[in-house]
Amino acid sequence: QSVYSEIEDDVLMSGIRFIDSSNVIAVGDNKLVKIDKNYQKTIFDDFSNKTVSGINLENEGKIIETYREATSIFANKSTIDILNVNNKKTGTGEVAGVVKSIESSGKTIAVPLADRVDFFDISGKYLNTLNISGKYKSIKLYNNGNYACMDLTDVLRFVKIR
């Protein structure tokens with residue numbers, strides 16, 4: 001017998017991940033939904049008042065979201081929110097520029113932009129910036145977020161963050 005929970009009829013799913021041993025987070029085009037072990041769903045965010053540029057679920061027990069307010073579509077500023085599995089904000093930060101994605105591991109959050117990567121701690125506090133040249137493809141954090149490997153055009157760049 002198969003047991004399942006429907007998310008929403010109007011959601012185009014783009015990702016799903018276990019956020020801990022008994023909760024699943026589903027990322028859709030217009031909602032962020034948690035499904036618990038009893039198949040009950042809780043809408044964490046409906047994206048109605050914001051333009052989301054990245055959601056990262058890779059850091060166990062953390063949901064990291066970066067977005068611009070809908071009223072500031074031309075603004076050069078995005079917000080980073082760090083949430084726990086109970087939808088409680090555990091940190092927040094701010095980044096200037098157009099965010100391409102967001103990565104997180106251990107104690108570090110990486111926010112790639114057009115010409116740089118900004119690094120934050122897991123509470124949203126700004127750490128430092130790494131200017132980049134060449135076409136950005138991806139970034140991965142490792143060793144608890146102390147180091148990063150960036151894929152840029154024809155080179156892999158390894159950097160110490162902390």
Side-chain angles (χ1 to χ4, degrees), residues 1-73 75 77-95 97-113 117-127 136-151 156 161-162:
Q1 182 178 11
S2 179
V3 179
Y4 67 97
S5 176
E6 291 183 18
I7 305 296
E8 295 282 331
D9 290 337
D10 64 340
V11 177
L12 176 62
M13 296 303 299
S14 61
I16 190 163
R17 172 112 27 218
F18 276 97
I19 196 73
D20 60 20
S21 61
S22 60
N23 292 286
V24 170
I25 296 293
V27 180
D29 63 331
N30 62 2
K31 288 182 179 71
L32 181 64
V33 180
K34 177 179 99 169
I35 305 168
D36 68 19
K37 64 184 176 183
N38 298 317
Y39 306 102
Q40 299 298 310
K41 71 176 179 191
T42 305
I43 297 175
F44 273 21
D45 197 344
D46 67 5
F47 305 163
S48 61
N49 61 350
K50 59 181 77 167
T51 302
V52 176
S53 53
I55 295 177
N56 183 277
L57 306 173
E58 301 297 322
N59 204 342
E60 188 174 331
K62 302 285 185 207
I63 302 156
I64 302 165
E65 178 181 45
T66 182
Y67 60 91
R68 286 187 324 227
E69 299 293 333
T71 57
S72 62
I73 194 159
K77 178 178 74 168
S78 292
T79 301
I80 302 166
D81 283 344
I82 300 98
L83 308 169
N84 66 19
V85 73
N86 296 315
N87 202 23
K88 300 291 182 206
K89 192 183 297 187
T90 61
T92 191
E94 218 174 72
V95 61
V98 178
V99 175
K100 293 183 172 229
S101 63
I102 191 161
E103 293 294 327
S104 178
S105 180
K107 57 186 179 178
T108 305
I109 299 168
V111 182
L113 299 114
V117 178
D118 287 352
F119 296 99
F120 297 82
D121 72 11
I122 202 64
S123 71
K125 179 184 170 196
Y126 171 80
L127 296 173
Y136 168 83
K137 293 181 181 177
S138 66
I139 187 169
K140 289 296 176 193
L141 301 172
Y142 61 99
N143 194 5
N144 199 28
N146 288 313
Y147 297 89
C149 176
M150 286 185 295
D151 186 359
L156 288 177
I161 300 166
R162 296 170 178 261

At what distance, to the nearest 0.5 angstrom, does [atom1] of [X] lie from [atom2] of [Y]?
{"X": "D121", "Y": "T108", "atom1": "CG", "atom2": "OG1", "result": "8.0 Å"}
{"X": "K125", "Y": "T92", "atom1": "NZ", "atom2": "OG1", "result": "15.0 Å"}
{"X": "K50", "Y": "D81", "atom1": "NZ", "atom2": "CG", "result": "6.0 Å"}
{"X": "S105", "Y": "E60", "atom1": "OG", "atom2": "CD", "result": "11.0 Å"}
{"X": "S123", "Y": "K107", "atom1": "OG", "atom2": "NZ", "result": "12.5 Å"}
{"X": "I35", "Y": "I19", "atom1": "CD1", "atom2": "CD1", "result": "13.0 Å"}

Side-chain ([X]) to main-chain ([Y]) donor-acceptor, under 3.5 angstrom:
{"X": "N59", "Y": "G106", "result": "yes"}
{"X": "N56", "Y": "E58", "result": "yes"}
{"X": "N38", "Y": "Q40", "result": "no"}
{"X": "K34", "Y": "V85", "result": "yes"}
{"X": "T66", "Y": "T79", "result": "yes"}

Looking at every heavy atom in both [X] and [Y], which two are closest together, and how far apart are they?
{"X": "F47", "Y": "N30", "result": "CD1-C, 3.3 Å"}
{"X": "F119", "Y": "V117", "result": "CZ-CG1, 3.6 Å"}
{"X": "P112", "Y": "S101", "result": "CD-O, 3.2 Å"}
{"X": "I139", "Y": "A110", "result": "CD1-CB, 4.0 Å"}
{"X": "G97", "Y": "S78", "result": "O-OG, 4.0 Å"}
{"X": "I102", "Y": "G54", "result": "CG2-C, 3.7 Å"}

Minimum side-chain heavy-atom gap [X]-[Y] below 4.5 Å:
{"X": "V99", "Y": "R68", "result": "no"}
{"X": "I25", "Y": "R17", "result": "no"}
{"X": "S104", "Y": "I122", "result": "yes"}
{"X": "I161", "Y": "N146", "result": "no"}

* With D45 as reference, evaluate L83, V33, N87, L32 under the side chain to side chain contact (heavy atoms under 4.5 Å, CB included) test and give the passing residue. =>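 By the side chain to side chain contact (heavy atoms under 4.5 Å, CB included) criterion, D45 pairs with just one of L83, V33, N87, L32: L32.
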
* **Criterion side chain to side chain contact (heavy atoms under 4.5 Å, CB included) against V27, the qualifying member of L57, I16, V52, I63** =>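 Exactly one pass, corresponding to L57.
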
* Asked: Parallel under 30°, tilted from 30 to 60°, perpendicular over 60°: which one fits the rings of F120 and Y126?
  ->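 Perpendicular.
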
* Greater than 12 external heavy atoms within 6.0 Å of Y142's OH ->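 Count over threshold, so yes.
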
